[in-house]
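Report on one structure; see the data block that follows.
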Amino acid sequence: MLPLPLAGAFDYHLTVPLRRGLIVTAPIGPRQSLGVVWGAAAGGVEEARLKQAIPLRGEPILPTGLCDFIDWVAQYTLSLPGMVLAMALRSRQAFEPETARIAYIRGEGAPKKMTPPRERVLDIAAHGLARSVPQLAEEANVTPAVVRGLIDCGALAAVDLPEFDPFPVPDADYARVVLNTEQDLAAHVLKGAVKGRRFGVSLLDGITGSGKTETYFEAVAEALRQGRQSLILLPEIALTVQFLDRFAARFGVRPAEWHSDLSQRERRRVYRAVMRGEARVVVGARSALFLPFHDLGLVIVDEEHEQAYKQEDGAIYHARDMAVVRARFEKCPVVLASATPSLESYVNAKNGRYAHLRLTRRHGAAVLPEVRLIDMREDRGDPGTFLSPTLRGALATTIEAGEQAMLFLNRRGYAPLTLCGACGHKLVCRQCSAWLVEHRYRKRLVCHHCGYETALPTECPECHAQGTLTACGPGVERVMEEFKLIFPDARVAIASSDTMGGPAEMQAAIRAMMKREIDVLIGTQIVAKGHHFPQLTLVGVVDADLGGSDGDLRARERTFQLLHQVSGRAGRAEKPGLVLMQTRNPKDAVMQALIAADRDAFYDQETKYRQAAHAPPFGRLAAIILSGHDGDKVQEAGRILAKTVPAARSVKVWGPTPAFYSLLRGQTRERLLVQAEKSVDIQAYLRAWLRLSEIPKQVRLVVDVDPVSFF
Ligand code: ADP
Ligand code: ZN
């Protein structure tokens with residue numbers, strides 16, 4: 001199997017006995033590729049035509065469990081297996097032999113003349129680890145020439161060090177916490193599962209701040225005691241920094257991390273250490289699911305409901321679901337943790353397929369915040385303002401009391417729409433059927449889909465009227481502007497994924513909040529998740545109705561989850577929290593569930609809706625997305641697919657219809673949606689169908705099994 005977009009495995013002549021997972025180099029066309037021995041060939045290729053596959057030095061092996069997992073993911077997602085394999089071979093250098101590093105220790109010789117700088121170097125070299133020339137020079141505060149002089153006279157002796165420093169093993173007992181009764185009960189079940197070395201899923205369902213992390217850390221500790229590896233998945237890289245520190249506080253050292261921002265070298269280091277079992281705990285984004293664990297004993301998916309777990313390009317897969325599958329292949333337990341589980345996991349816990357571990361109380365004195373709705377149809381400020389008098393009042397009280405507040409609006413930039421007041425023309429992206437978003441700090445109009453940017457025009461591009469372009473609706477920058485007008489002296493920062501200073505500025509804002517260097521943090525969903533701000537007592541949701549009207553089957557669930565998570569930021573320490581939600585639909589079921597703090601009532605009702613609609617998890621869905629630069633061809637492809645829909649009871653096909661973003665990055669897009677009863681093998685159905693239809697070459701066809709996004 002080659003990590004390339006090819007239909008399947010290729011036949012080669014192998015120079016050593018067959019072992020599934022053996023990593024080789026093999027010629028493909030004019031070049032050599034890395035490859036993995038997948039199994040015995042079916043035969044039928046003439047011996048003379050077979051090329052040779054040669055094992056890498058040291059004969060590294062991809063674990064069989066991982067190979068089986070790759071096959072499974074490819075078949076489930078209808079991806080090319082080579083594409084899935086590519087996700088597991090993310091560091092080619094990891095298989096190359098290690099190069100030694102030269103370092104120095106105190107040697108037998110002595111310099112002719114001893115000087116204070118020389119003495120300092122020799123003093124340092126006499127103690128502890130071997131050090132490189134630059135390290136010695138820096139620690140002794142001398143020039144490298146001084147160090148080299150000592151090497152020449154034999155006062156320093158060279159030793160070979162391995163290329164990488166070893167990963168320190170986290171200490172299960174480094175800083176144990178005393179769990180409360182509920183936590184202890186849950187931890188007991190999880191530890192038992194780790195000891196049992198069997199596959200099983202637990203839903204760790206605990207309100208925000210109830211100690212889910214502390215609790216699953218006990219399971220990690222157990223895996224460490226068993227000498228096995230653990231994988232902790234987090235939905236976003238932005239969350240890892242805080243998490244790594246927290247892990248270190250509990251286990252004495254930071255875990256290995258894995259995500260797309262690692263350097264080549266770090267990637268190679270972590271990949272090797274995972275493969276050899278030296279990295280005992282890996283914290284990572286969804287791609288960590290494809291690492292070659294030597295002996296995986298536990299998988300944790302934190303914030304399991306997060307949409308970020310769905311990979312939307314390349315091989316399309318849902319990391320939470322695939323984590324469960326990986327754990328099954330590894331015969332180890334998997335823990336899904338959330339305060340607002342996905343409806344899928346909730347239903348599985350209710351019907352007993354998953355162990356349901358509940359944490360119902362916040363740790364210590366903290367209680368859940370009170371949630372109040374602000375009806376924006378009545379409680380309104382001046383036109384063009386977005387903070388209601390009630391919210392303004394609450395902000396004033398909080399700031400005066402020396403406490404912290406957060407304003408949440410899930411919209412980047414200054415305004416989501418710019419419109420000509422004279423002719424009504426809306427500024428849209430030329431590449432995408434989407435509005436251009438004004439970013440006032442940068443003085444740009446930006447497309448959030450393709451990244452297209454342009455300066456803010458002075459006249460309407462349609463009617464050429466001057467000065468008529470008007471910003472409509474708020475983004476976080478606009479909320480910031482309004483806030484500063486009302487509270488000129490308050491210390492405030494903005495945190496959004498695209499602030500001017502990039503991720504560093506966002507991290508700085510979050511840190512400033514943590515250290516109480518600011519009074520108010522204004523942010524998008526990046527601030528909604530995971531963070532623990534002890535002094536935060538007020539959360540204001542600027543527009544609670546955003547997202548509710550998307551009309552897709554998960555819109556209500558998502559809105560509930562997001563608003564519940566945001567609310568959970570308030571009152572996490574001794575002082576009680578207050579959440580104010582600005583809405584125009586106070587009667588809406590989502591809003592009512594939030595003020596009643598009756599999460600399960602909302603989930604149970606949502607379960608009934610889904611059941612009645614045969615929607616997931618009670619039925620199956622798959623989307624087919626057609627796209628291409630030639631709009632006619634895309635439509636033709638849609639017609640061809642529509643003509644070849646196989647008739648089957650219990651399967652319905654909707655479309656083709658233009659996608660919500662019918663134009664994206666210059667490509668026309670059409671969608672079809674397949675809805676099937678739970679008992680239907682939807683993959684087999686799709687395969688049979690797609691085999692029948694020859695769609696034009698210029699059109700790209702993507703299958704999205706269990707779609708999360710309906711755009
Ligand atoms: P969750 O993951 O459920 O939001 P956390 O695990 O982050 O909750 O816990 C919230 C806060 O309470 C953290 O600061 C955590 O360290 C603290 N905490 C939770 N349980 C305990 C405990 N048993 N002993 C001490 N501190 C705890
Ligand atoms: Zn665009």
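On a predicted model such as this, the values are computed, not experimentally measured, just so you know.
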Practice task
Evaluate the ring planes of Tyr661 and His449, with Trp represented by its six-membered ring, and classify them as parallel (under 30°), tilted (30 to 60°) or perpendicular (over 60°).
Solution key: tilted

Practice task
Compute whether any side-chain donor of one residue and acceptor of the other, for Glu304 and Ser342, lie under 3.5 angstrom apart.
Solution key: yes

Practice task
Give a yes or no on whether a salt bridge exists between Arg372 and Glu370, defined as a side-chain N under 4.0 angstrom from a carboxylate O.
Solution key: yes

Practice task
State whether the side chain of Lys212 and the backbone N or O of Ile207 hold a donor-acceptor pair below 3.5 Å, judged by distance alone.
Solution key: yes

Practice task
Report, as yes or no, whether the 6.0 Å neighbourhood of atom CZ on Arg430 holds more than 12 heavy atoms from other residues, nucleotides or ligands.
Solution key: no

Exercise for the section: Establish, from distance only, whether the side-chain atoms of His305 and Ser338 form a donor-acceptor pair under 3.5 Å. Expected result: yes

Handout entry: Sidechain-backbone polar pair: Glu459 side chain, Gln466 backbone, donor-acceptor under 3.5 Å
Key = no

Problem - Donor-acceptor pair, side chain of Asp545 and main chain of Arg584, under 3.5 angstrom - result: yes

Handout entry: Arg669 side-chain N/O to Ala659 backbone N/O, donor-acceptor pair under 3.5 Å
Key = no

Exercise for the section: Look at the aromatic rings of Phe560 and Tyr603 and report parallel, tilted or perpendicular, splitting at 30° and 60°. Expected result: perpendicular

Practice task
Enter the distance from Gln635:CD to Asp630:CG here, rounded to the nearest 0.5 Å.
Solution key: 9.5 Å

Practice task
For residues Phe290 and Tyr317, establish whether the separation of their ring centroids is below 6.0 Å.
Solution key: yes

Problem - Donor-acceptor side-chain pairing of Gln311 and Arg286 below 3.5 angstrom - result: yes

Problem - Face-on cation placement of Arg267 at Trp258 ring, 6.0 Å and 45° thresholds - result: yes

Problem - His464-His425 aromatic ring centre distance below 6.0 Å - result: no

